[in-house]
A.B. asks: 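Would you mind keeping the following structure in view while I ask a few things?
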Number of protein chains: 2
Amino acid sequence: MTRHETDTPLPEFQLDDFLPYLMAEIATKLSDELAQGYREAGLSMPQWRVMVHLSHAGPVSVRDIERRVSLERPKVSRAAAALEQAGLVTKRPDPSDGRLIALSLTPVGRELMAKLLPRAIAYQSDLETLLGRDLEGLRRGMDKLLTKKAAQ
Amino acid sequence: MTRHETDTPLPEFQLDDFLPYLMAEIATKLSDELAQGYREAGLSMPQWRVMVHLSHAGPVSVRDIERRVSLERPKVSRAAAALEQAGLVTKRPDPSDGRLIALSLTPVGRELMAKLLPRAIAYQSDLETLLGRDLEGLRRGMDKLLTKKAAQ
DNA sequence: CAAAACACGTTTCATTTGCAACGATAAAGC
DNA sequence: GCTTTATCGTTGCAAATGAAACGTGTTTTG
């Protein structure tokens, strides 16, 4: 097979060494594995995150959750609606600001999270054990990537 | 505020220390930054990955791409159709196996990748510079996470 | 105090997704 | 050799996603 003049030379590039790609792969894998824990409780990932945030915070607004668990407002809103429907969360208007809605776990919701959170914690432990002494470097690297300001 | 008997105690759990969550955050961030490079060329992420794979491989089938860049078959199929439409890729039936389709870059496609790939490589370099001596640990950790067999 | 600007949560709508069929070809089993 | 089974690529369809618009309430400004 001869080389035509129109064949533009391309630089070497291995996708499986490429950090954005690898990160996406790992994120998907870990997320899927973790989801085994809460999926059987009927929770979607956005719903799971909302529940997690409500687990260690008092009554919170949709906007709060949006900021702290990085879900877009519509996702939080829909997740909250579904969770209320399922009896896991209550939505009340905030007395001091009519625009805000105060989300809280119901007792049933708390019970569910009391079951699910330990699994998540155990999963994290397993990961940390696996990582061993590389955990520290991984965390430092992840920190740098997370906090760096956007490229160019 | 008094504690009711129905208040189930919940374990401490910080989402922003949680590896699956952090990984998802970083993956999204890096992916978005990278996408600035190819988005303006009209490529979606699946299309970008298909183009990358075609850049350093000969004529390849959809199934091949599916396996090597971890995109589900329908995504590859649709991406390939759009890329053919855009004149960046050609689709021919494989002569030796009638089920397979051979995808290749057109000269225009090669030219485009000759422009885009260096940007991606530069982006990777920037990341590695930022990571400094943590790069090694990060890569080792990522390797472990990627290759570990699924949990329980 | 009225009017403009802003913030919150929801909803709408077009697009993207993921799963499951489907038609077509090839390989395996009998 | 013929039927069954498996593989490939595409397509349909229901659900999820993301951006913008909307209604409501609050703050700011003049």
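Everything quoted here is computed from the prediction, not taken from an experiment. In what follows, chains carry the letters A, B, and so on, assigned in the order in which the sequence lines appear, proteins first and then strands, with residues in each chain numbered from 1.
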A.B. asks: Using whole Å, report how far CZ of A:Arg39 lies from P of D:dA16.
C.D. replies: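 Taking CZ of A:Arg39 and P of D:dA16, I get 9 Å after rounding.
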A.B. asks: Identify which one of B:Gln36, B:Glu33, B:Glu128 satisfies the side chain to side chain donor-acceptor pair (under 3.5 Å) criterion when paired with B:Tyr123.
C.D. replies: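 Single side chain to side chain donor-acceptor pair (under 3.5 Å) partner of B:Tyr123 among B:Gln36, B:Glu33, B:Glu128: B:Glu33.
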A.B. asks: Is A:Glu136 salt-bridged to A:Arg140, going by a charged N under 4.0 Å from an acidic O?
C.D. replies: yes
A.B. asks: Could you give the CG-to-P distance, from A:Leu83 to C:dT10, as a whole number of Å?
C.D. replies: 12 Å
A.B. asks: Between D:dA19 atom C1' and A:Glu72 atom CD, what is the distance in whole Å?
C.D. replies: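 Answer to the nearest Å: 10 Å.
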A.B. asks: The side chain of B:Pro74 is closest to which nucleotide in this list: C:dG9, D:dA19, D:dT11?
C.D. replies: D:dT11
A.B. asks: Please say which of A:Leu22, A:Asp134, A:Leu138 ends up in a side-chain contact (heavy atoms from CB on, under 4.5 Å) with B:Arg139.
C.D. replies: A:Leu22
A.B. asks: Looking at the side chain of B:Arg99, which of D:dG18, C:dG18, C:dA27 is the nearest nucleotide?
C.D. replies: C:dA27
A.B. asks: Please state how far atom CE in B:Met45 lies from atom P in D:dG18, giving the value in whole angstrom units.
C.D. replies: 12 Å
A.B. asks: Please check the phosphate of D:dA16 (OP1 and OP2 only) for any side-chain N or O of A:Lys75 closer than 4.0 Å.
C.D. replies: no
A.B. asks: Check the distance between C:dT12's P and A:Arg73's CZ and give it to me in whole angstrom.
C.D. replies: 17 Å
A.B. asks: In this structure, how many angstroms lie between the P atom of D:dG25 and the CD1 atom of A:Ile101, rounded?
C.D. replies: 12 Å
A.B. asks: With DNA chain D as reference, determine whether B:Lys91 or A:Ser96 sits nearer its 5' end, using the nearest nucleotide of each.
C.D. replies: B:Lys91
A.B. asks: Assign A:Ser61 to base, sugar-phosphate, or nothing according to its heavy-atom contacts below 4.0 angstrom with the strands shown.
C.D. replies: sugar-phosphate
A.B. asks: Check every atom of C:dT10, D:dT10, D:dG9 against the side chain of B:Ser77 and return the nucleotide holding the closest atom.
C.D. replies: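 Closest nucleotide among those given: D:dT10.
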A.B. asks: Ignoring the backbone of B:Pro46, work out which of C:dT17, D:dG9, C:dG9 is nearest its side chain.
C.D. replies: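 Nucleotide nearest to B:Pro46's side chain: C:dT17.
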A.B. asks: Check for a donor-acceptor pair, side chain of B:Arg68 on one end and backbone N or O of A:Asp16 on the other, with a separation under 3.5 Å.
C.D. replies: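 Checking the backbone N and O of A:Asp16 against the side chain of B:Arg68, no donor-acceptor pair under 3.5 Å is found.
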A.B. asks: Atom CG of B:Leu100 to atom P of C:dA24: distance rounded to whole Å?
C.D. replies: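 These atoms are roughly 17 Å apart.
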A.B. asks: Out of curiosity, A:Leu130 CG to B:Lys148 NZ, how far, rounded to the nearest 0.5 Å?
C.D. replies: 6.5 Å
A.B. asks: Look at the side chain of B:Arg78 and the base of D:dG12, then say whether one donor and one acceptor between them are separated by less than 3.5 Å.
C.D. replies: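 Check passes, donor-acceptor contact within cut-off.
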A.B. asks: Take atom CG of B:Asp97 and atom P of C:dA24, then tell me their distance rounded to the nearest Å.
C.D. replies: 16 Å
